[in-house]
Amino acid sequence: MKSRNSRLVLLILTCALLAAITVAGVLLEEKALETDLSRCNEAPSAAFLFGTDWLGRDMFCRTLCGLSLSIRTGALTAAVSASVAFVLGTAAAILGRGVDAVLSWLTDLVMGIPHILLIVLISLACGRGFWGVILGVSLSHWPSLARLVRGEVLQLRQAPYFRVAEKLGVSRLEAVRRHILPHILPQVWTGLLLQFPHAILHEASVTFLGFGLSPEQPAIGVILSESMRSLTTGRWWLALFPGLALAVVVLLFSALGGVVSVSGLGRGEGSPAPVS
Amino acid sequence: MSHRLKFAGKKLVRIALLLLGVSLAAFLLMSASPLDPLQTNIGQTALGSMRPEQVEKLRAYWGADTPPVQRYLGWLSAALRGDFGVSLLYRQPVTQVVGQRLCSSLGLLVFSWVLSGALGFTLGVLSGAFQGRWPDKIIRGYCLLISSTPAFWLALLLMMVFSVWLGWFPIGFQAPVGVDAASVSLTSRLYHAVLPAAALSVTGAANIALHTREKMVEVMGSDYVLFARARGESLGLIVWRHGIRNVALPAVTLQFGSVGELIGGSVLVEQAFSYPGLGQAAVSAGLGSDMPLLLGITLLTSALVFLGNLTADLLYGAVDPRIRRGAARR
């Protein structure tokens with residue numbers, strides 16, 4: 001068993017690395033768009049760690065930029081979907097049978113459509129832009145966490161202090177804020193962290209399919225779908241490094257979620273099952 | 001028996017309602033789209049050079065001027081009679097397009113489903129049985145790595161290694177380029193499906209293995225396994241007698257519940273391999289604002305997901321007598 005301290009160090013290092021990637025990507029944005037036809041299609045070297053593409057763009061900068069975008073969209077979508085899950089899960093547990101039935105039907109509905117298709121549909125509804133992807137990913141990832149929250153709140157409802165509060169005439173909203181929110185919040189945090197990897201992967205997938213970001217924007221999905229064209233010509237570095245970098249970032253986030261949910265920094269034993 | 005039929009009947013009604021909801025949701029989302037189907041498919045320059053009557057005719061063809069409510073009701077009443085409309089991109093009935101695409105996808109899907117289930121189950125049981133030792137560490141590392149990898153990138157990687165570098169397998173598509181579709185042999189088709197199936201199975205197995213491992217660890221920590229150990233049973237026998245039987249049930253449920261994930265993965269993998277299946281059709285329908293086709297595919301895939309879940313629920317009762325409600329009442 002690792003001690004709590006070494007976990008904390010690991011946690012801080014991971015966070016620092018991810019933050020560094022995010023900031024570096026934002027700073028390098030202009031450099032990533034720079035084209036230079038005198039250095040097209042160069043294999044990885046000391047000057048260009050990840051090589052260059054057919055317009056002579058530095059793939060290392062582009063990858064960092066894409067990762068930064070992935071992390072930022074991941075943060076936004078995970079936050080939105082965790083809030084949606086919290087609100088709907090609590091509402092289903094508190095507001096009585098009718099609301100519960102409707103919400104559980106809605107949960108089944110969202111879970112029934114394969115995620116990718118749902119994201120495609122939502123992104124179409126938003127006119128296939130950046131916000132389409134954000135909304136698509138955030139509105140398709142809440143069901144499993146919402147179920148978890150609903151179960152927890154149903155249990156908390158039976159607790160004596162909640163029933164006393166009800167009998168004393170405390171309004172429902174106030175009772176939830178005072179007696180349920182503090183118990184549920186750690187779980188929602190853990191759920192949010194665990195949703196991060198999925199959100200990032202889905203964002204990359206949807207942009208890979210061609211929904212969402214415009215082709216000149218350096219997102220990992222866009223970079224990889226561009227690399228498909230030069231696969232047969234043996235320019236392996238265009239596909240290998242950006243994908244590998246994405247996998248590493250996702251792994252770091254999974255590790256982060258794992259550390260937090262195991263070490264009891266978030267209280268939750270009941271971390272939600274991995275969602276697709 | 002009758003209560004189980006009743007249970008299945010209730011579930012079927014729920015599925016029908018859910019499918020209605022799916023169609024409505026998909027329809028609303030698509031009609032909320034600000035994208036003009038004429039602009040995306042014909043292009044501004046071509047539109048500019050057309051006479052107004054022609055543009056008007058095209059507008060009517062793509063259904064751009066009928067109000068959404070009327071369109072949905074029209075679509076629904078036709079769909080209930082089995083007519084899902086005509087695909088705007090392929091100019092064929094949706095049922096026909098979907099049928100064709102499903103045929104070429106189905107083999108891929110079923111094969112990957114079975115393989116990922118078997119692989120995931122085996123790895124999960126092994127990993128759980130050897131909890132904390134090196135087989136467990138290797139398997140867990142593998143699963144974490146794979147589940148952090150986007151499926152389409154894995155597909156690209158496989159293509160890079162096995163098609164471009166080693167030259168063992170063809171690069172994408174379902175058949176050799178330039179050969180008449182009718183004259184493609186079955187072996188050639190299978191040959192083209194190997195890499196996509198491998199990409200799908202490898203990604204699918206990781207999730208199942210992790211879940212199975214968790215259950216297996218739970219079983220291995222139970223009192224009856226402790227007692228079996230005290231009796232001197234070997235690890236192999238314990239896994240065979242106590243482990244697999246108790247883990248099989250959640251694994252089966254998980255396997256039937258993973259249909260949606262598999263279909264989602266197939267969309268990506270098919271796109272990466274240019275494999276002309278259902279997933280690729282969904283992507284082109286989405287990119288080309290082909291509403292009837294996208295609606296048809298969404299409905300079909302959701303129906304598959306719901307049926308997978310229903311099968312899991314029914315199997316639960318069949319496999320484990322304790323869960324049958326009638327038996328519990330007696």
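Each chain gets a letter, A, B and so on, in the order its sequence line appears, and its residues count up from 1.
Looking at every heavy atom in both residues, B:P150 comes nearest to A:L246 through CG-CD2, 3.7 Å. Closest of all the heavy-atom pairs between B:L287 and A:G210 is CD2-O, 3.6 Å. Shortest non-hydrogen contact noted between B:F152 and A:L224 is CE1-CD1, 3.4 Å. What you find for B:G21 and A:L109 is that their closest heavy atoms are C-CD1, 3.6 Å. Shortest non-hydrogen contact noted between A:F208 and B:Q271 is CE2-CG, 4.2 Å. Closest of all the heavy-atom pairs between B:S148 and A:S254 is OG-OG, 4.1 Å.
Side-chain atoms of B:W153 and A:L240, non-hydrogen and from C-beta on, do get closer than 4.5 Å to each other.
With rounding to the nearest 0.5 angstrom, the CE atom of B:M30 is 7.5 Å from the CG atom of A:L124. Between the CG atom of B:L29 and the CD1 atom of A:I122 there is a distance of 6.0 Å, given to the nearest 0.5 Å.
At a 4.5 Å heavy-atom cutoff, the contact between A:L117 and chain B is made by side-chain atoms alone. Contact annotation for B:S147: only backbone heavy atoms (N, CA, C, O) come within less than 4.5 Å of a heavy atom of chain A. Both the backbone and the side chain of A:S205 come within contact range of chain B, judged by heavy atoms closer than 4.5 Å. Using a 4.5 Å cut-off between heavy atoms, B:L157 contacts chain A through its side chain alone, with no backbone atom that close. Within the 4.5 angstrom heavy-atom criterion, only side-chain atoms of B:L294, from C-beta onward, approach chain A. Of the atoms belonging to A:L244, heavy atoms from both backbone and side chain fall under 4.5 Å from chain B.
Interface check for chain B: of the options A:A255, A:G221, A:A247, the most heavy-atom pairs under 4.5 Å are formed by A:A247. The most heavy-atom pairs under 4.5 Å with chain A, out of B:L156, B:N309, B:T149, come from B:L156.
With respect to A:I116, the side-chain contact (heavy atoms from CB on, under 4.5 Å) criterion is satisfied by exactly one of B:V283, B:L268, B:T301, B:I263: B:L268.
Applying the side chain to side chain contact (heavy atoms under 4.5 Å, CB included) rule to A:R147 yields the partners A:T107, A:D108, A:M111; only residues at least two apart in sequence or on another chain are considered.
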